[in-house]
Amino acid sequence: MKQAVAGTGIAPEIEVPAIEFRRLLLGWYREHARVLPWRGIDDPYATWLSEVMLQQTRVATVIERYREFLTRFPTLQALAAAEENDVLALWSGLGYYRRARMLHRGAQFVVGELHGEMPRSAAELKALPGVGDYTAAAIASIAFGESVAVVDGNVERVLLRLMGLPEERTGAGRARITKAAQSLVPAAAKRGVGNPPGDHNQAMMELGATICTPKSPLCLQCPVVGLCRTRGEHVTPVRQKQRSRSVAYLLARRGERVLLERRSAEASLMPGMLELPPLSMDAVAAYEPLLRVKHSITNTNYDVQVFAEGKLRDAVPAAASDLIWTPAAKLRDLPLTGLARKVLQRVGVMSR
DNA sequence: TAGTCGTGGAC
DNA sequence: TGTCCAAGACT
């Protein structure tokens, strides 16, 4: 048993028996891994795409978008040659649009500067735009077999519970988790047979996503419950409170065309993307909305009201140069915000 | 390092 | 209903 370092008050490192842990985890993973389109492939570009799409985005949401994206841009070269607007249009509704811009730029960098060959190590991959610690480790281990640990929200939660540590958003807390995660990753395969690091990392995330869930973890089904200090509990920091806001938009139509507004290129939120023209709440106070939908963005829950044209056309504050009459058939090719897409689908202007 | 960046689904 | 938050990165 390790002791606290005398006089420092620093808790001893908590050891997890790595060999037993790996064996139990991998055995469970072989039996229970979900079948997902980015598993069992040999295409680093596709792995890169899947990891970027999966950032803060649910597996169920990504599956179909991943297939569509690869159908449209099957290779790094195809993506690099694309217009940014077309990439954003394909990303519309997925959120965090900066991911799409950076992936696009990353593809152009690899094709233009690296002869189309992706870097193979996590350290080198981190130089690519939009590729941070997690994504670099994920690509390096899954696509290239490097023995490097991924630390995402799943892995962090699994390890905190396993070791009985509180969740703390500090550099030291982060470093402790990374160290623990790395101590568990198996060595790279000797002769290129199988991929122990990649499988182990995916198994850690799979465990967090399906068994060691944030709420009501399924400890009775957990392969490593016998090594777990807490059996599913850990102290979490207080969350920020949610806010509510009302917003209004105009739905103006001319035959088969609909009026859209381009957001400022300098906007911090969804720059350059297209949405319905916003209206001030004062301007619409006397009118009844055509449609109400709920929409939440990070910390804020929006009560969205959409108004038919009526007398409100002149209430649009935007400059005429930012307003675009758009044929309904072209909407799918444009970088619409998720909310605009949702409203246009709801009123039947867009299909799907 | 603490904010910011989207969206939809589960409960 | 509101709350929570998902395979993070960037500044």
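If you're wondering where the values come from, they're calculated on a predicted model, not measured in any experiment. Below, all heavy atoms of this structure are taken into account, side chains as well, without hydrogens, waters or symmetry copies. Order of the sequence lines fixes the chain letters, A, B, ..., with proteins taken first and strands second; residue numbering starts at 1 for each chain.
Taking 4.0 angstrom as the limit, Gln56(A) places a side-chain polar atom (N or O) nearer than this to OP1 or OP2 of dG8(C). Between Lys215(A) and dT3(C), a side-chain N or O to OP1/OP2 separation shorter than 4.0 Å is absent. In terms of phosphate contacts, His295(A) brings a side-chain nitrogen or oxygen within less than 4.0 Å of OP1 or OP2 of dT7(B).
At the heavy-atom level, Arg105(A) lies nowhere under 4.0 Å from the strands shown. Asn301(A) comes within contact range of at least one nucleobase, with a heavy-atom separation under 4.0 Å. Across all strands, Ser268(A) comes closer than 4.0 Å only to sugar-phosphate atoms, never to a base (heavy-atom distances). Leu269(A) comes within contact range of the sugar-phosphate backbone alone, with a heavy-atom separation under 4.0 Å but no base atom that close. Residue Arg39(A) is classed as a base contact, given a heavy-atom separation below 4.0 Å to a base. Note on Thr337(A): only backbone sugar-phosphate atoms sit closer than 4.0 angstrom, heavy atoms only; bases stay farther off. Backbone-only engagement by Ala209(A) is indicated by non-hydrogen atom pairs under 4.0 Å involving sugar-phosphate atoms exclusively. At a threshold of 4.0 angstrom between heavy atoms, the contacts of Thr57(A) include nucleobase atoms, whether or not backbone atoms are also involved. Residue-level contact check: Gly208(A) touches neither bases nor backbone, having no heavy atom under 4.0 Å from any strand. Residue contacts shown for Leu36(A) include a base, since a base heavy atom lies under 4.0 Å away. Heavy atoms of Thr135(A) sit under 4.0 angstrom from primed sugar atoms or phosphate atoms, though from no base atom. Counting any heavy atom pair closer than 4.0 Å across all strands shown, Val155(A) reaches no nucleic acid atom. Nucleic acid contact for Met270(A): sugar-phosphate only, since backbone atoms but no base atoms lie under 4.0 Å from a heavy atom of the residue.
Between Leu54(A) atom CG and dG8(C) atom C1' the separation is 11 Å, expressed in whole Å. Taking atom CG of Leu94(A) as the reference point, atom C1' of dG8(C) lies 15 Å away to the nearest angstrom. A straight line from CZ of Arg101(A) to P of dG8(C) spans 21 Å, rounded to a whole angstrom. For His104(A) and dA9(C), the NE2 to P distance is 20 Å, given to the nearest whole Å. Note: CZ (Arg58(A)) to C1' (dG6(B)) measures 13 Å, nearest angstrom. Following rounding to the nearest Å, Tyr302(A) (OH) and dG8(B) (C1') show an atom-to-atom distance of 16 Å. Taking atom CZ of Arg174(A) as the reference point, atom C1' of dG8(C) lies 8 Å away to the nearest angstrom. In this structure, Trp91(A) atom CH2 and dG6(B) atom C1' are separated by 12 Å, rounded to whole Å.
The main-chain N or O of Gly208(A) is found under 3.5 Å from a side-chain atom of Arg157(A) such that the two form a donor-acceptor pair. Gln305(A) contributes no side-chain N or O that, together with a main-chain N or O of Ala248(A), makes up a donor-acceptor pair within less than 3.5 Å.
A donor-acceptor pair shorter than 3.5 Å can be found between the side chains of Ser121(A) and Glu124(A). The closest side-chain donor-acceptor pair between Gln202(A) and Arg39(A) falls under 3.5 angstrom.
Considering only the side chain of Pro214(A), dA6(C) comes nearest among dA6(C), dG8(B), dA7(C).
Contact check on Glu146(A) versus Arg120(A) returns no salt bridge, with no Lys/Arg side-chain nitrogen under 4.0 Å from an Asp/Glu carboxylate oxygen. Salt-bridge check for Glu84(A) with Arg101(A): passed, with a basic side-chain N closer than 4.0 Å to an acidic carboxylate O.
Taking only distance into account, the side chain of Arg99(A) never meets the base of dA9(C) through a donor-acceptor pair shorter than 3.5 Å. With hydrogens and angles ignored, a donor-acceptor pair closer than 3.5 Å exists between the side chain of Ser296(A) and the base of dG8(B). A donor N or O paired with an acceptor N or O is found under 3.5 Å between the base of dG6(B) and the side-chain atoms of Tyr96(A).
For the C1' atoms, the distance linking dC5(C) with dG6(B) amounts to 12 Å, nearest Å. Remark: the separation of the C1' atoms in dA6(C) and dC5(B) is 14 Å, to the nearest Å. Nucleotides dA7(C) and dA10(B) are separated by 14 Å at their P atoms, to the nearest Å.
The residue among Gly130(A) and Trp38(A) whose nearest nucleotide of DNA chain C lies closer to the 5′ end is Trp38(A). Where Ile297(A) and Arg169(A) each meet DNA chain B at their nearest nucleotide, the meeting point lying more 5' is that of Arg169(A).
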*I would like to know whether Thr57(A) and Arg99(A) meet side-chain hydrogen bond (donor to acceptor under 3.5 Å, both in side chains); could you show each step before the answer?*
CA-CA 12 Å; Thr57(A) 308; Arg99(A) 292 182 296 177; 3.1 Å; yes

